[in-house]
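Here is the structure we will look at, set down as structure tokens.
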Amino acid sequence: MIVQWLIDVATGFAAWFASLFPVWEPPEWLVHLDDQVNPVLDNLAGVGAWVDWTFILAVVSAVLLCWGITLSIKVLRAVASYLPFIGGAG
């Protein structure tokens, strides 16, 4: 019963907070964004003859792999710092 009352209070507060903001209509350029993007993508369809997409994909993949390895090493170091006798924080 107490939990139900807390949920009612929380939903009432959320509804009140949401009512403080006016109703938002998206701008016209955002509604018709596909009309602006599709011609650009159509013009780029034939660029594959001049751009080596395989090489670009390999380079981007290597960079993202290095970032992922670096992030995982930093996370492992942060986790190890909480272990006694390993990271110095214990």
Side-chain angles (χ1 to χ4, degrees):
M1 194 154 64
I2 294 174
V3 174
Q4 181 64 38
W5 179 80
L6 288 173
I7 291 173
D8 289 339
V9 169
T11 56
F13 177 75
W16 168 78
F17 187 74
S19 70
L20 294 176
F21 297 100
V23 176
W24 181 73
E25 293 291 328
E28 194 66 27
W29 65 268
L30 184 62
V31 173
H32 300 292
L33 188 63
D34 60 336
D35 294 337
Q36 299 171 2
V37 173
N38 285 336
V40 173
L41 294 178
D42 287 340
N43 289 333
L44 291 176
V47 178
W50 293 288
V51 178
D52 187 9
W53 291 111
T54 307
F55 178 71
I56 291 176
L57 181 63
V59 169
V60 169
S61 298
V63 169
L64 291 176
L65 179 66
C66 288
W67 282 353
I69 290 171
T70 304
L71 180 63
S72 63
I73 290 171
K74 287 185 176 209
V75 167
L76 288 174
R77 286 184 63 221
V79 169
S81 71
Y82 290 107
L83 298 174
F85 306 114
I86 293 176

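One-based numbering along the sequence shown.
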If hydrophobic clusters are built by linking Ile, Leu, Val, Met, Phe, Trp and Tyr wherever their side-chain heavy atoms come under 4.5 Å apart, do Trp29 and Trp24 end up in the same one? yes
State, to 0.1 Å, how close Asp34 and Pro39 come at their nearest heavy-atom pair, and which atoms those are. O-CD, 4.3 Å
Do Glu28 and His32 meet the criterion of a side-chain donor-acceptor pair at a distance under 3.5 Å? yes
So, using ring pair (Phe, Tyr, Trp, His ring centres under 6.0 Å) as the criterion, who are the partners of Phe55 when residues are at least two apart? none
Are more than 12 heavy atoms from other residues, nucleotides or ligands located less than 6.0 Å from atom CD1 of Ile2?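 No, the 6.0 Å shell around CD1 holds no more than 12 heavy atoms from other groups.
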Once the angle between the rings of Trp16 and Phe13 is folded into 0 to 90°, is it parallel (under 30°), tilted (30 to 60°) or perpendicular (over 60°)?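 Answer is tilted, since the angle falls between 30° and 60°.
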Going by atom type alone, with no hydrogens or angles, which donor-acceptor pairs under 3.5 Å involve a side-chain atom of residues 62-73 and a protein atom two or more places apart or on another chain?
| unit_1 | atom_1 | unit_2 | atom_2 | d |
| --- | --- | --- | --- | --- |
| Thr70 | OG1 | Cys66 | O | 2.8 |
| Ser72 | OG | Gly68 | O | 3.3 |
| Ser72 | OG | Ile69 | O | 2.7 |

Which atom pairs, donor and acceptor, lie under 3.5 Å between side-chain atoms of residues 44-54 and protein residues at least two apart or in another chain?
none

